[in-house]
Amino acid sequence: MVLVNPNTSTATTAMMTTIARRSLATTPPPPTGALAHPAHAQAACAHPTHAPATCSHLVHAPTASAHPTHTPTARAIPVHAPAVLAVRGVTVSRGPGMLTDPAALRAAAPEVLAAGLRAVAEGDCAALLVAAFGDPGVEELRAATEVPVVGLGEAALAEAAAGGTPFGIATTTPLLADAITERVAALGLADRYTGLRLTAGAPERLSADPALLLDRLERAVRACAERDGARAVVIGGGPLGEAADELRARCAIPVVAPIPAAIRAITRMLTA
């Protein structure tokens, strides 16, 4: 497994790699199939038990920062994967500190491509996961390498929409709303898409306050279910991974955490 840290902090890279290694031997991947949906999605958030997740081959990329500020992503890397995999962490060389607008998303793509190609050239890389919700650099990597490449956004959206399920997205980046909607359409999922719900507050402020982030995202999940009719909700962002895990424990409606969804997609590719 190759894990590419989305910022330039080597301390954060080490933390995420340690967590990923510790997670490899835990829960095996679930069977392929549609999400199980509760009969009443309106009972959006409760507090059922939370099942831990585990990890696989991936390139985790696309933002850069000199400080390990986005610890939710770091702590969220554990996801489903076979225990035989090893973990190697790498970091993008440069780029935006957070992907909060279309310009940042575009700027991330060449850095993701470079990081992914370096990882493949160094060996011991069975697959690449581009772990940003906008999937920057995914198509470029697919054209440039023969290893499986999965985008975090595409995997999460496909899983949420499985079986024709109406799904919504809860996220923190208003400037990426149009790009997210375009991505849904490009994946052929617009007919199942109930819409996007945004958190109140600047993304940078929310990322620095995990409790506030969780509260605002839970409100957005509730709105997706209760107002829009979603039967599954995708948490739109790699840095929101820890909050996504928390919401899976708190919400009766299925909450799709992008990193585990992407790992499940990769695991299916590698074991097919």
Side-chain angles (χ1 to χ4, degrees), residues 30 32-45 62 99-102 104-106 108-109 129-139 142 149-200 203 206 213 216-241 243-245 247-248 250-265 268:
T32 303
L35 289 164
H37 305 294
H40 301 290
Q42 287 77 10
C45 293
L99 301 186
T100 60
D101 59 52
L105 201 62
R106 289 191 296 271
L129 168 59
V130 177
F133 198 65
D135 299 335
V138 164
E139 298 304 327
R142 285 177 178 150
V149 179
V150 170
L152 185 144
E154 65 183 3
L157 294 170
E159 183 170 297
T165 303
F167 72 93
I169 300 172
T171 192
T172 63
T173 50
L175 297 179
L176 287 175
D178 290 344
I180 291 170
T181 299
E182 290 169 6
R183 185 64 174 151
V184 170
L187 293 170
L189 303 175
D191 60 329
R192 282 158 272 183
Y193 183 44
T194 63
L196 181 74
R197 289 287 175 172
L198 294 161
T199 52
L206 293 175
L213 174 63
R216 297 292 169 82
L217 277 174
E218 183 172 343
R219 291 169 186 255
V221 169
R222 285 181 180 274
C224 285
E226 297 170 4
R227 301 181 189 177
D228 302 335
R231 298 293 298 276
V233 179
V234 177
I235 302 302
L240 308 179
D245 279 347
L247 290 167
R248 288 170 63 199
R250 295 162 68 110
C251 296
I253 186 171
V255 171
V256 178
I259 295 171
I263 294 303
R264 286 189 285 271
R268 288 193 293 271

Counting only N and O atoms by type, is there a donor-acceptor contact under 3.5 Å from the side chain of [X] to the main-chain atoms of [Y]?
{"X": "D135", "Y": "V138", "result": "no"}
{"X": "T194", "Y": "F167", "result": "yes"}
{"X": "R231", "Y": "P166", "result": "no"}

Between [X] and [Y], is any pair of side-chain heavy atoms under 4.5 Å apart?
{"X": "I180", "Y": "F133", "answer": "yes"}
{"X": "L198", "Y": "T172", "answer": "no"}
{"X": "V234", "Y": "Y193", "answer": "no"}
{"X": "I235", "Y": "V256", "answer": "no"}

To the closest 0.5 Å, what do you measure between [atom1] ([X]) and [atom2] ([Y])?
{"X": "D178", "Y": "R183", "atom1": "CG", "atom2": "CZ", "value": "15.5 Å"}
{"X": "T181", "Y": "I169", "atom1": "OG1", "atom2": "CD1", "value": "7.0 Å"}
{"X": "I253", "Y": "E226", "atom1": "CD1", "atom2": "CD", "value": "9.0 Å"}
{"X": "R216", "Y": "T171", "atom1": "CZ", "atom2": "OG1", "value": "14.5 Å"}
{"X": "R197", "Y": "R219", "atom1": "CZ", "atom2": "CZ", "value": "13.5 Å"}
{"X": "R192", "Y": "L157", "atom1": "CZ", "atom2": "CG", "value": "10.5 Å"}

What's the verdict on side chain to side chain contact (heavy atoms under 4.5 Å, CB included) for V130 and V150, showing C-alpha distance, side-chain angles and the deciding distance? CA-CA 6 Å; V130 177; V150 170; over 6 Å; no

Can you list the steps and then say if E154 with R142 is a salt bridge (Lys or Arg N to Asp or Glu O under 4.0 Å)? CA-CA 14 Å; E154 65 183 3; R142 285 177 178 150; 2.3 Å; yes

